[in-house]
Each structure stands twice: as structure tokens, then as C-alpha cells.
Amino acid sequence: MPLPQINFFDKDTDSTMYDRYVTSHTIISDLEIARNHFKSNARKKMTTYFNYPSPALQEELSKIANAIVAPGKGILAADESTSTIGKRFSDIGVENTEDNRRLYRQLLFSSDQVVSENISGVILFHETLYQKADDGTPFVELLKQKNIIPGIKVDKGVVPLFGSEDECTTQGLDDLAQRCAQYKADGCHFAKWRCVLKIKRNTPSYQSILENANVLARYASICQANRIVPIVEPEVLPDGEHDLERAQKVTETVLAAVYKALNDHHVYLEGTLLKPNMVTAGQSCPTKYTAQDIARATVTALNRTVPAAVAGITFLSGGQSEEEASVNLDAINKFNGKKPWPLTFSYGRALQASVLRAWGGKPDNVKTAQDELIKRAKANGLAAKGLYEAGSVIGSAADKGLFIKDHNY
Ligand SMILES: O=P(O)(O)OC[C@H]1O[C@](O)(COP(=O)(O)O)[C@@H](O)[C@@H]1O
């Protein structure tokens, strides 16, 4: 009797079993049992099982994401961890105490309402989320009154990857679901998680590319399950002598892995934002590139790897001077090529360097420092529309390079 056709084997893993059945003199009833056994196994192996989020959740997430990247608007990244803000304070001679951190963030969040024409969201650090202004108003309230969406940094910093060449992953997944639920209840509608990749002769390695992509995807899915828009930040650091082309290829490889992982984890892309590095040559590269070169490399890398469904791209400033970060964002938006997403800013240093310098920890300087923030926000708001005129906004630290070599975040 001819053997019934069995076409549901996974050739690699099930070939021995298959051969055994084919070569044995199994009677037909046994073959039926075998067929059912393999069919159910084959079903279990299917990799495309999924559930889309409910229409209500999709709508909530995409509404938040789209509001953040509304034309001419971007994000103030004020989420420096305690040690990072300590470095910023030490540059201006301010002691890193809880109250000085509160006073500084109060300065930022109580700037004139006009700032909200260009700032749609602020990323907070955990401590800041629960701090209050001098008059007792919670910072979250101050932001809401200005129509600025509060967001929260949810990663717990980078840790070394065992056996790697000084590479790292980012920790914080363990209690993330509970923290996200609490943060949502406390007024945060988006979150940020930063991963770090390094360009050296042998890096980034396959290990770090896969690990960081996966941790970002897991983070993003947990945020969405808790009605929070995840900002996905795989930062390729600018340290090194590499040229623009190498930076572009590494960025493409990293982003391709990130979007594969986000897809594997059923992340709803319309309810996400990407916070990438711009593609720039290494800080020690002898070749100098123009803003137009950077724009071409950046937009090309993004077009090759980031699905058009993603709600928006909010660049980090990565040690560029305030002026460079505005000029490069402007060139990216002016670049004549496909750009299916809004391209805007989520700057830390490039929005705050002049503010910090003008403040210097002195209460009398608060107003002047707030004016610096408004100026920089305006400049970047124009750049997000490709309308910024280089040199038209002069802040006290506009041209100051903000790169810190081998900076241990
Ligand atoms: O090491 P930390 O404290 O997490 O801070 C890293 C910083 O990097 C950023 O992701 C990007 O900042 P820059 O724009 O200064 O590069 C900020 O959001 C964040 O404050």
C-alpha cells in the first residue's frame, strides 16, 4: 500500500522520525496517529501567532505618539540620572543635591508657556516625577498646565556584557510592568529606554546587536501593554575614528535588528517612537563632513531599516553642540529624499547646555536661563520643519562641543 503523503514535517528536526515511519511497515491506523502527532507539533512550531492590541489601545497609543511629533515640536530630555546630572552640575560648580536637582528642573518646567509651541513632551527621571515646585505644585501638573506630555525614563542603566569587548546591555525589565502601570496612573504617557552600542574594530558584536534589540523589544511590548508609548533608543556612540560610511552601516545593522525584534514581539509600530543617533563620523575621524553629508547618511540609513508605520523619529543629540544639533536636524528635514515619518528632536545636552551655563545655580539667573531654553526650543522647532537658519540663535553655549570621550553613562 502506498504511504500517505506526510508534508508537515520540519525537515531538519523531524527527518529521523519521518524516515523511521517511511521505512517501517506501519499499518495505516498508526500512520494516522503519527500524522496527527506531527500536525499538532507543526502547529506549535508556527511563529506567526499573534494578537493585535485592541482598537482602543491602538488609538490611545498612536494619539500620544502623534501628539509628541506634531509639526515643529519635539522632546526635552530632562531624564539625566543622578550621576549624569552630577556631571552637568560639576561643570557649572553646582552641588549635586536633591534640592538643587529639584530647583533646576523647576527652572525648566516653569519656563514661559511659549516653550510649549516647540516642546511637546518632557522625559523625567523617577525622582523628578515625584518632586514639586516651591508652591507645592507637582512637576507633572506644571507640565500638564502647559499642555506638555510627561514621559519617564524606565531603564535602570547599562551593565557589561560578559565576554564582550567592553560592550553592554541595559537592565530594568524585571519589575517593568508594575512600574509602567504606576507611572501611567501617575500621569506619564510615554517612556524611554536607552541601549548603547559601540563602534570599534570588532564591535558592535552580533551578541550586543541581538541582545540590545531584544531587550528594547521586550521593553516596548511591556510599555504598550500598560498604555504607554515606548521610545526605543538604540544609541550608536560617536566615539572612535571611523568614517561616515562605517557609522551608517553600523546604524543600519543595529536598526534592522531592532525592527526585526519589535516585529517578533508584536509591538504596534504606530504607537512607538524611535530615538536614534544621527549618522555622524566618529569624533576622532580626520575627515570632516558637512551637515548635508550627515543628512544623506542619516536619512538613507533610516529609509533602509525603519518601517513607515513608525509614528516618528526623535533624534538624540549625542554630544553635538547646540548649534550643530539644530543645523543637522534642519539639514535632515531639508534633505530631498523619502521621509515617511516626522523627524524631530529629543535632546538632552543640546537643549540644556546654555541653560545650565546661564543658571550657574543662582536664583537671580533663573529668568535668563529660561530664555535660553525657549531660544533653543524655537531653533529646534524650526529645524524640525527644515526652516532653521544656521547661526540665527546664539546661546551662551551654542557652539560648545558637548562630547565627552569614553563617557561612562
Ligand atoms: O545616562 P543617563 O543618565 O541615562 O542619560 C543619558 C541621556 O541620554 C539621552 O538619552 C540623550 O541625551 P543627549 O541628547 O544629551 O545625547 C537623554 O535622554 C539622557 O538624559
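In this chain, numbering begins with 1 at the start of the sequence shown. Indexing begins at 1, ligand by ligand and atom by atom, following the structure's order.
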For atom 9 (C) of ligand 1, which of K156, E80, K192, K153 has the closest heavy atom? K192
N or O pair under 3.5 Å between Y347 and ligand 1: no
Let's go through S317 and E324 carefully: what are the C-alpha distance in whole Å and the side-chain angles of both, what is the deciding distance for side-chain hydrogen bond (donor to acceptor under 3.5 Å, both in side chains) to 0.1 Å, and is it a yes or a no? CA-CA 9 Å; S317 58; E324 272 171 341; over 6 Å; no
Counting both backbone and side chain atoms, is some N or O of G318 under 3.5 Å from an N or O of ligand 1? yes
Taking S354's backbone N and O only, do any of them form a donor-acceptor pair with E322's side chain (distance below 3.5 Å, no angle check)? yes
Is there a side-chain contact between I92 and W359 in this structure, where contact means two heavy atoms from C-beta onward sitting under 4.5 Å apart? yes
Identify, by atom number and element, the atoms of ligand 1 in contact range of A77, meaning under 4.0 Å from any of its heavy atoms. 17 (C), 18 (O)
Hey, which of N277, T280, N328 is the one that makes side chain to side chain donor-acceptor pair (under 3.5 Å) with Q320? N328
Between the side chains of D186 and Y130, does any donor sit under 3.5 Å from an acceptor? yes
Check whether K339 reaches the backbone of N333 with its side chain - one donor and one acceptor, N or O, closer than 3.5 Å. yes
Does an N or O from S317, backbone or side chain, lie closer than 3.5 Å to an N or O of ligand 1? yes
Atoms of ligand 1, numbered as shown, that sit under 4.0 Å from any heavy atom of S81: 2 (P), 3 (O)
I'd like to check which ligand 1 atoms, numbered from 1 as shown, lie under 4.0 Å from a non-hydrogen atom of R349. 13 (P), 14 (O), 15 (O), 16 (O)
Thinking salt bridges, do E127 and R101 make one under a 4.0 Å N-O criterion? yes
Proximal candidate to atom 1 (O) of ligand 1 [heavy atom criterion; set T84, I75, V196]: T84
Any idea which atoms of ligand 1 are less than 4.0 Å away from a heavy-atom of G348? 12 (O), 13 (P), 14 (O), 15 (O)
If hydrogens are left out, which of K275, E235, Q320 has an atom nearest to atom 11 (C) of ligand 1, that is, the closest non-hydrogen atom? K275
Within 4.0 Å of some non-hydrogen atom of D79, the atoms of ligand 1 are 17 (C), 18 (O), 19 (C), 20 (O)
V196: which of P204, P234, S208, C168 passes side chain to side chain contact (heavy atoms under 4.5 Å, CB included): C168
Look only at interatomic distance and state if L316 has a nitrogen or oxygen under 3.5 Å from any nitrogen or oxygen of ligand 1. no
